[in-house]
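Quick caveat, the model's predicted, so the values are computed rather than measured. Position 1 is the first residue of the sequence, and the numbers go up from there.
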Amino acid sequence: MAADTSVDMYAKVMENQLLQTAKIMEEQLDAELEKLDKTDEDEMELLKERRLEALKKVQKQKQEWLSKGHGEYREIPSEREFFQEVKESKNVVCHFYKDSTFRCKILDKHLPMLAKKHVETKFLKLNVEKAPFLCERLHIKVIPTLALVKDGKTKDYIVGFTDLGNTDEFTTETLEWRLGCAGIINYSGNLMEPPFQNQKKYGTHFTKLEKKTIRGKKYDSDSDDD
């Protein structure tokens with residue numbers, strides 16, 4: 001009888017110890033879960049703060065670009081303004097044009113759309129007849145030519161439409177792709193896949209180049225309208 005009582009007492013003690021241990025483990029687990037929840041909340045709050053800060057920074061940068069003439073396709077009156085424009089902006093696309101060259105008018109249709117889309121880049125146009133010194137300095141020989149200027153230095157040129165699929169009917173996306181290849185805009189597409197790859201025919205409107213003289217300077221005009 002005494003032996004049975006001892007066994008019962010021992011069993012109760014073991015049961016109490018197990019219950020106590022289980023309770024402690026449960027409390028510890030609850031504490032860990034609470035800690036994790038709090039950590040997740042803190043991290044989420046931190047991520048929100050960082051995202052908000054990034055958005056504010058982007059908006060501030062955009063306003064700065066707009067104040068410098070980004071976001072629109074503008075004509076500058078002379079070569080003197082060109083140097084000031086490229087000095088104050090990191091990325092600049094300048095269209096060297098001539099009124100009588102109809103392919104310049106084709107570019108004029110595409111560039112305003114890209115100027116609005118890519119506010120990070122300044123889009124300008126300059127009449128070659130008003131910039132003989134600059135054209136000679138930049139070796140502008142064919143009209144139209146897009147000079148792609150980065151950090152105040154001419155990095156690349158788009159001369160005529162050769163890089164745009166050899167057609168007057170190239171798309172705005174094709175021109176955007178070519179500018180992306182030069183790193184002059186923030187291009188989100190695949191640079192390894194030119195938009196004109198799927199076009200069936202190229203160069204149907206191209207004609208022989210003709211020599212043109214502007215203030216004693218000879219220019220090639222990539223147009224048959226001149």
Item to check | Test item: Asp168 and Phe161 side chains (from C-beta on) under 4.5 Å apart, heavy atoms | outcome: yes

Next on the checklist: With a 6.0 Å cut-off (strictly less than), is the heavy-atom count around NZ of Lys62, excluding the residue itself, greater than 12?
Outcome noted: no

Next on the checklist: Do Phe123 and Ile185 make a side-chain contact, defined as non-hydrogen atoms from C-beta onward lying under 4.5 Å apart?
Outcome noted: yes

Checklist entry - Is there a salt bridge (charged side-chain N to carboxylate O under 4.0 Å, His left out) between Lys60 and Glu64 once you walk through the steps? => result CA-CA 6 Å; Lys60 182 180 179 181; Glu64 182 180 341; over 6 Å; no

Checklist entry - Are any of the side-chain heavy atoms of Trp65 and Thr121 separated by less than 4.5 Å? => result no

Item to check | Validation row: Phe96, Leu138 side chains within 4.5 angstrom (heavy atoms) | outcome: yes

Next on the checklist: Test your reading of the model: is there a side-chain donor-acceptor pair from Glu79 to the backbone of Leu134, 3.5 Å cut-off?
Outcome noted: yes

Item to check | Separation between CH2 of Trp177 and CG of Asn190, rounded to the nearest 0.5 Å | outcome: 10.5 Å

Checklist entry - Can you tell me if Lys122 uses its side chain to pair, donor with acceptor, with the backbone of Gly69 under 3.5 Å? => result no

Checklist entry - Do Glu176 and His118 have side-chain atoms, one donor and one acceptor, less than 3.5 Å apart? => result yes

Next on the checklist: salt bridge (charged side-chain N to carboxylate O under 4.0 Å, His left out), that's the test. Do Asp108 and Arg103 meet it? Break it down for me.
Outcome noted: CA-CA 9 Å; Asp108 285 340; Arg103 287 200 170 101; over 6 Å; no

Checklist entry - Glu75 side chain to Leu126 main-chain N or O, any donor-acceptor pair under 3.5 Å? => result no

Next on the checklist: Just verifying a value: how many Å separate Glu49 CD and Glu53 CD, rounded to the nearest 0.5 Å?
Outcome noted: 9.0 Å

Item to check | Residue pair His70 / Ser89, side-chain donor-acceptor N/O under 3.5 Å | outcome: yes

Next on the checklist: Quick one, His110 with Ile106, criterion side-chain contact (heavy atoms from CB on, under 4.5 Å). Give me CA distance, side-chain angles, the key distance, then yes/no.
Outcome noted: CA-CA 7 Å; His110 296 285; Ile106 294 175; 4.1 Å; yes

Item to check | Nearest-0.5 Å distance, CG of residue Asp151 to CG of residue Asn91 | outcome: 7.0 Å

Item to check | Beyond-backbone contact of Gln59 with Gln63, side-chain heavy atoms, under 4.5 angstrom | outcome: yes

Checklist outcome for this item: Taken to the nearest 0.5 Å, the spacing of Ile76 CD1 from Cys94 SG works out to 5.0 Å

Checklist entry - Going through the checks in order, is the side-chain contact (heavy atoms from CB on, under 4.5 Å) test met by Thr145 and Val128? => result CA-CA 10 Å; Thr145 288; Val128 293; over 6 Å; no

Next on the checklist: Evaluate Asp99 against Asn127 for side-chain contact (heavy atoms from CB on, under 4.5 Å), listing each step before the verdict.
Outcome noted: CA-CA 8 Å; Asp99 284 326; Asn127 192 328; 3.8 Å; yes

Checklist entry - With a 4.5 Å limit on heavy-atom distance, are the side chains of Glu129 and Lys98 in contact? => result yes

Checklist entry - Is the closest side-chain heavy-atom distance between Leu175 and Ile158 below 4.5 Å? => result yes

Item to check | Tyr73 and His95 side chains, donor-acceptor separation under 3.5 Å | outcome: yes

Next on the checklist: For Arg74 and Glu85: C-alpha separation, side-chain torsions, deciding distance, then whether side-chain contact (heavy atoms from CB on, under 4.5 Å) applies.
Outcome noted: CA-CA 11 Å; Arg74 298 181 291 116; Glu85 293 281 1; 3.0 Å; yes

Item to check | Lys150 (side chain) donor-acceptor with Ile184 (main chain) under 3.5 angstrom | outcome: no

Item to check | Spatial distance of atom CG (Asp163) from atom CZ (Phe170) [nearest 0.5 Å] | outcome: 11.0 Å

Checklist entry - Just checking, is any N or O donor in the side chain of Glu81 or Ser78 under 3.5 Å from an acceptor N or O on the other one? => result yes

Next on the checklist: Taking the side chain as everything from C-beta on, heavy atoms only, tell me whether Val149 gets closer than 4.5 Å to Lys155.
Outcome noted: no

Checklist entry - Distance from Leu107 atom CG to Thr101 atom OG1, nearest 0.5 Å? => result 10.5 Å

